[in-house]
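Reviewing the structure listed below.
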Amino acid sequence: IVGGSVTPVESQPWQAAIYWKSSSHRTAFLCGGSLIAPCWVLTAAHCFADGQKTKANEVSVILGKSAINETDVMSEQKFDVTEVIVHEDFDNSQGSFNNDIALLKIRSETGQCARETKTVRTVCLPVANQALPSGDACEIAGYGKEKQGLWYYSQYLRTGKVELISQDVCSSKTYYGSMITDNMFCAGSPNWSTDACKGDSGGPLVCSVNDRMVLFGVISWGDGCAKAFRPGVYTRVSNYNSWIAKHMGQPSPKAD
Ligand code: 4AZ
């Protein structure tokens, strides 16, 4: 996150840290994610597009983590991944990421899913096709870079405030033009100071609705970080309610 501030994981308790265990048994930080149900983390498809990284047994997840290089056994919960479900229509061939969404099924060594604590809890999903007005303020979080070009990631979980940008503005020529599909939306800060950056992908963009934090976006892509007219681009989660329900093995919820 560029331009944000360090935050304890208690304020983003759905934040997941996703790791990749290579064949040489080295563990590397891969992406962010969000806990949407006790056994399920929602993240970005492009984190696993490498083919190589789609093997569930090479992926692990830690919840409740405030510092990326420190282990706090009291607040963290560690999981293996039993399923990596990448969206069937994920497409990175048009210069952007369309349908950049994936689900991970998590299971602890003792066969459990996540337990709710002060540092670990699920985030709400939006109602299907729910969209908020442009200009509404939301927040993003992650362990990604604090500036484009730095060779290291943030040591601590950070959060930043961004405002929703209308589809018309973001797909105008001064912004991203035709790279923006209906499955994406843009968000940035008015002076371009705050943005997601490398390493934040897969993580949450949450907005408050009736005093509940709702996961409207998955951090997906952008041209650099915190550049003028190049806001962060997010997967529009409210387009995927039935995809999520189908893959979590639940009947799709009725619209109210
Ligand atoms: C990345 O490389 C990335 N400024 C994520 C978000 C943004 C740019 C790059 C948005 O993971």
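We count ligands from 1, going down the list as the structure has it; atoms in each ligand are counted the same way. If you read the sequence from its start, that first residue is 1, and numbering goes on from there.
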Could you walk me through whether Ser201 and His46 pass the side chain to side chain donor-acceptor pair (under 3.5 Å) test, one step at a time? CA-CA 9 Å; Ser201 299; His46 82 258; 3.3 Å; yes

Proximal candidate to atom 5 (C) of ligand 1 [heavy atom criterion; set Gly142, Gly222, Cys197]: Cys197

Quick one: does Gly232 get an N or O within less than 3.5 Å of an N or O on ligand 1? no

Out of all atoms in ligand 1, which are within 4.0 Å of some heavy atom of Asp195? Include the element for each. 4 (N), 10 (C)

Report yes or no: does a heavy atom of Cys31 sit under 4.0 Å from some atom of ligand 1? no

Step by step, would you call Tyr19 with Glu58 a side chain to side chain donor-acceptor pair (under 3.5 Å)? CA-CA 8 Å; Tyr19 296 83; Glu58 294 178 345; over 6 Å; no

Using a 4.0 Å cut-off to any heavy atom of Gly199, which atoms of ligand 1 qualify? 11 (O)

Run through Asn239, Asp91, Asn98 and flag the one making a side-chain hydrogen bond (donor to acceptor under 3.5 Å, both in side chains) with Thr181. Asn98

shortest atom 10 (C) of ligand 1-to-protein heavy-atom contact is with Ala196 O, 3.4 Å

For Trp221, the ligand 1 atoms whose distance to one of its heavy atoms is below 4.0 Å: 7 (C), 10 (C)

Looking at every heavy atom in both Cys124 and Arg212, which two are closest together, and how far apart are they? SG-NH1, 3.7 Å

What protein heavy atom is closest to atom 11 (O) of ligand 1, reported as residue, atom name and distance in Å? Ser201 OG, 2.5 Å

